[in-house]
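Working notes, beginning with the structure itself.
Note on naming: letters A, B, ... go to the chains in the order of the sequence lines (proteins, then strands), and numbering restarts at 1 for each one. Remember, predicted model here, so these are calculated numbers, not experimental data.
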2 protein chains.
Amino acid sequence: MPQSKLKPIVNTRIQARNKELILDAALDIFSAFGFRGATVDQIAAKSEMSKPNLLYYFRRKEDIYVALLEHTLSDWLKPLAELNPSGDPLIELSRYISAKMEMSEANPKASRLFANEILHGAPMIEKFLKGPLKQLVNEKAQVIKSWIAAGKLAPIDPYHLIFAIWAVTQHYADFSVQVDAVLGRREDIRTAQKAVLEILLRGLKV
Amino acid sequence: MPQSKLKPIVNTRIQARNKELILDAALDIFSAFGFRGATVDQIAAKSEMSKPNLLYYFRRKEDIYVALLEHTLSDWLKPLAELNPSGDPLIELSRYISAKMEMSEANPKASRLFANEILHGAPMIEKFLKGPLKQLVNEKAQVIKSWIAAGKLAPIDPYHLIFAIWAVTQHYADFSVQVDAVLGRREDIRTAQKAVLEILLRGLKV
DNA sequence: ATAATTCTTGATCAAATGGTCAAGAGCGGA
DNA sequence: TCCGCTCTTGACCATTTGATCAAGAATTAT
């Protein structure tokens, strides 16, 4: 069945390449300046592209921003989704915390992008928060509850435990300027990871 | 000695009142939209004042922002400064964490203002971070170290413990949209406070 | 090859926005 | 009361910025 002359369904190679270039540049700019603080000119300059050309691929500034968020939302859920109900609680949580710390180290820009979006009321990702994220957290909270019921974990509110893990791990990406300023040096990820694991896990032992 | 005709040293009553009105409005606007996202018009509208009149009190948008940050920096340090070296470690830390949780509840806007500033590289408060804040944290880290040395506290890195307390407590102000979305309701501060105290303190007992 | 389609850009626009100015209104001290 | 200083504002300006457009260059399909 011939695809009658509709709008481009399949991206050309050039489209794929340029959209990728734009999203890469946009992550740099949006994470550094926020949605309102970033300008289309900046993103165009960083992707070495004229502004009209950039707007040929994404018709509005907001479209770039939304695409960028969607592009990374699934990555965000992955480590939590991998929390294994039949594994050992402390090992599973340790793995999760380590994974989040490594994400903060490897991709602080994505972390700051989300932080900024949520800080400003999450206008673009409200549905994600109330939908997939909420659902996954509920599911994993049940897992933690079952561990507690089985006497394998100290009786801690699972939701607030998850919040605490998010808060602490993402702090090293979002507030790295403050961390470095207070420590007087660029913080070593290994040291931080070890300390965070101790602080968060020590109290969870039965 | 008569004060010769210099610029106004002492603020008039009207100045005091209007500057206060402006700063109140500015906290609302800057915390919601960030420095770049906020507009002078918005702040003027919120303070029920014409834009030129607002700019009579603060000549530039940046001046309002800086005044606002300075206006609250000392409040920020106060609870940590009150950590008492000769008190019981767990009670002192419990008091500190509770104070921070109450600040998140009582003044989430100030928390978001700082979060946004730090997230974007802290261009205006770099000196505060590397100066007074660093110094105070060093001092209190020593207190925690002495508690550990005295066998009154589990051996935890004091700097990362402080970071963890900041991260978790401020999370409830800065990421409240996410917290509420995941829980499906407005979170009750008492519940959150109790959970946070357990999570952070349980592992600190010797 | 060549027609159709996709890609690229200089020039331009309208709106938003930070900030200025001059002139008038209001207030406080002598 | 009167004078000088503080306060207030409508009108205005220059720049920034998101977005458009028309026309030409490059690519792709036949």
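- Nearest-nucleotide positions on DNA chain C for B/Arg13 and B/Glu62 put B/Glu62 closer to the 5' end.
- In terms of position along DNA chain D, the nucleotide closest to B/Leu54 lies nearer the 5' end than the nucleotide closest to the other residue of the pair A/Arg60 and B/Leu54.
- Listed nucleotides C/dT20, C/dG18, D/dT20 differ in distance to B/Leu55; the shortest reach to its side chain belongs to C/dT20.
- Between A/Asp28 and A/Lys46, at least one side-chain nitrogen of the basic residue sits less than 4.0 Å from a carboxylate oxygen of the acidic one, meeting the salt-bridge criterion.
- In this entry the distance linking NZ of A/Lys51 with P of C/dC13 reads 14 Å, nearest Å.
- If you measure from atom CE of A/Met49 to atom P of D/dA26, you get 16 Å, rounded to the nearest angstrom.
- Here B/Ala44 lies out of heavy-atom contact (under 4.0 Å) with every strand.
- The phosphate of C/dT20 (OP1 or OP2) has no side-chain N or O of B/Tyr56 nearer than 4.0 angstrom.
- To the nearest angstrom, C1' of C/dG24 lies 13 Å from CG of B/Asn53.
- In this structure, B/Glu92 pairs ionically with B/Arg95, as a charged nitrogen and a carboxylate oxygen lie closer than 4.0 Å.
- B/Ile29 places its CD1 atom 16 Å from the C1' atom of C/dG18, with the value rounded to the nearest Å.
- Which of D/dT8, C/dT9, C/dT17 sits closest to the side chain of B/Ser50 comes down to D/dT8.
- For A/Asn18 and C/dT8, the shortest distance from a side-chain N or O to OP1 or OP2 is below 4.0 Å.
- For B/Glu126 and B/Lys130, the salt-bridge test passes: some basic side-chain N is under 4.0 Å from an acidic carboxylate O.
- Atom CD1 of B/Ile64 is separated from atom C1' of C/dG19 by 12 Å (rounded to the nearest Å).
- Relative to the side chain of B/Pro52, the nucleotides D/dA19, C/dG18, D/dA11 differ in distance, and D/dA11 lies closest.
- Between A/Arg185 and A/Glu187 there is a salt bridge, with a side-chain nitrogen of the basic residue lying less than 4.0 Å from a carboxylate oxygen of the acidic one.
- Between D/dC7 and B/Gln15, a contact under 4.0 Å exists linking OP1 or OP2 to a side-chain N or O.
- For A/Ile14, the listed nucleotide lying nearest its side chain is D/dT27; candidates were C/dG19, C/dA11, D/dT27.
- The CG atom of B/Asp63 sits 12 Å away from the C1' atom of C/dG19 (whole-angstrom rounding).
- If you check the side chains of B/Asp41 and B/Thr39, you find no donor sitting under 3.5 Å from an acceptor.
- Per the geometry, NZ belonging to B/Lys61 stands 15 Å off P belonging to C/dA16, to the nearest Å.
- If you measure from atom CG of B/Asp41 to atom C1' of D/dC13, you get 14 Å, rounded to the nearest angstrom.
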